[in-house]
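What follows is one structure encoded as structure tokens, with my remarks underneath.
Along the sequence shown, the residues carry numbers beginning at 1. For clarity, every value in this text was computed on a predicted model and none was experimentally measured.
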Amino acid sequence: MELHLILLGSGQDGGTPQLGSSGATRSRTASSVALVSDLWPPILFDASPDLRSQYNDFLRSDHDAASRAPVSAVFITHGHMGHYAGLVHFGKEAANTSGVPLYGDETFLDFLGRNEPWASLVTNGNMTPRVVPSDGVDFGRLAVAAIPVPHRADFTSTNAYSVSVDGSPWAVYLPDIDTWTDWPEADQVIGAHDLCLLDATFGSMDELPGRSIAEIPHPLVGDTLT
């Protein structure tokens, strides 16, 4: 089995440069990854506001994946803008998919079902909501499990996702967390995986002039590296 984790985007929810910014910042789209195998269509982790351009660029670069489009399933980490807003592209005004499995925890799926236009994705049959079971989702030789992590719960709780191959942890996708010190299991969980995609949003506490990073907590790059 060939298995690849393709980085679709690595920016914060609003990407860079953000709306209204005139700075000469290198363009980065919001965080999202695709798990690609030769056995099934890609599995998508998070659906960013930039999903249309991200995913179409990916398909143009991987013709084998394109032949198995659109996706096997979508896993959402939590209900902040940069991680689920792109789900609208699965709706009837866009791709109009049929029954794509949409995985999340109970708080996220409840939030989705109570709010439009997200609820219409379910009522129109574009996506099928499924709670990630405690023992993970089985894709044969591959399994995906949710790992709760501490992050501001404005609308939903937050999860990282662990990908195991043949029963052994392989990769972890953890795009958002408040601080590593608030999660005592961090070293153990991260150390168990060969590949780790982790939150390191800000370079310094002074990165956002006029705004307090305390209102949108994320680890500094240096904190994640250590």
For L197 and L174, run side chain to side chain contact (heavy atoms under 4.5 Å, CB included): C-alpha distance rounded to whole Å, both residues' side-chain angles, the deciding distance at 0.1 Å, then the answer. CA-CA 6 Å; L197 301 178; L174 198 167; over 6 Å; no
May I ask you to check whether over 12 heavy atoms, not counting those of Q188, lie within 6.0 Å of atom CD? no
May I ask you to test the P42-F58 pair for a side-chain heavy-atom distance under 4.5 Å? yes
To the nearest 0.5 Å, how far apart are OG in S120 and CE in M127? 13.5 Å
Can you tell me how far apart CZ (F108) and CD1 (I76) are? Round to the nearest 0.5 Å. 5.0 Å
Taking the side chain as every heavy atom from C-beta outward, state whether S72 and P41 have any atom pair closer than 4.5 Å. yes
Shortest non-hydrogen contact from V88 to P117? CG1-CG, 4.0 Å
Atom CG of L112 and atom CG of L121: how far apart are they, to the nearest 0.5 Å? 6.5 Å
Interatomic spacing from CG in L198 to OH in Y173 - rounded to 0.5 Å: 11.0 Å
Parallel, tilted or perpendicular: rings of H80 and H78 (30°, 60°): perpendicular
For L3 and L35, run side chain to side chain contact (heavy atoms under 4.5 Å, CB included): C-alpha distance rounded to whole Å, both residues' side-chain angles, the deciding distance at 0.1 Å, then the answer. CA-CA 7 Å; L3 193 64; L35 183 63; 3.8 Å; yes
Between Q54 and S32, what is the shortest heavy-atom contact and its length? OE1-CB, 3.8 Å
Do you know the tightest heavy-atom contact between K92 and N124? CD-ND2, 3.8 Å
Any chain of hydrophobic side-chain contacts (each under 4.5 Å) joining M81 to F155? no
Got N126 and V100 here, is their nearest side-chain heavy-atom distance under 4.5 Å? no
I'd like to check D105 versus S157 (side-chain heavy atoms, cut-off strictly below 4.5 Å). Are they in contact? yes
Would you please test L142 and V163 for side chain to side chain contact (heavy atoms under 4.5 Å, CB included) and show each step? CA-CA 7 Å; L142 181 148; V163 179; 4.0 Å; yes
Taking all heavy atoms of P150 and all of D182, pick out the closest pair and write down the distance. CG-O, 3.7 Å
Determine yes or no for a side-chain-to-main-chain donor-acceptor pair under 3.5 angstrom, with D138 supplying the side chain and A143 the backbone. no
Could you check if a side-chain atom of P175 sits within less than 4.5 angstrom of a side-chain atom of H83, using non-hydrogen atoms only? yes
Exam field: side chain D110 to backbone E106, donor-acceptor pair closer than 3.5 Å: no
State the CZ-OG1 distance between F45 and T77, to the nearest 0.5 angstrom. 10.5 Å
Does R130 reach the main-chain N or O of Y103 with its side chain, forming a donor-acceptor pair under 3.5 Å? no
dist I147:CD1 -> Y161:OH (nearest 0.5 Å) comes out at 10.5 Å
Within the structure provided, determine whether F75 and L102 are in side-chain contact (heavy-atom separation under 4.5 Å). no
With side chain to side chain contact (heavy atoms under 4.5 Å, CB included) as the criterion, how do E2 and S37 come out once you've worked through the C-alpha distance, each side chain's angles and the decisive distance to 0.1 Å? CA-CA 5 Å; E2 291 189 13; S37 165; over 6 Å; no
Shortest non-hydrogen pair, L109 vs G104, comes out as CD1-O, 4.0 Å
With the side chain counted from C-beta on, respond yes when F90 and L51 share a heavy-atom pair under 4.5 Å apart, and no when they do not. yes
Taking the ring centre of each residue, are F111 and W118 less than 6.0 Å apart? no
Contact check, side chains of F139 and I43, non-hydrogen atoms, under 4.5 Å: yes
Between D46 and S48, is a side-chain hydrogen bond (donor to acceptor under 3.5 Å, both in side chains) present by the stated rule, with each step listed? CA-CA 6 Å; D46 280 340; S48 86; over 6 Å; no
Minimum-distance pair of heavy atoms, taken over all atoms of P49 and H89: O-NE2, 4.3 Å
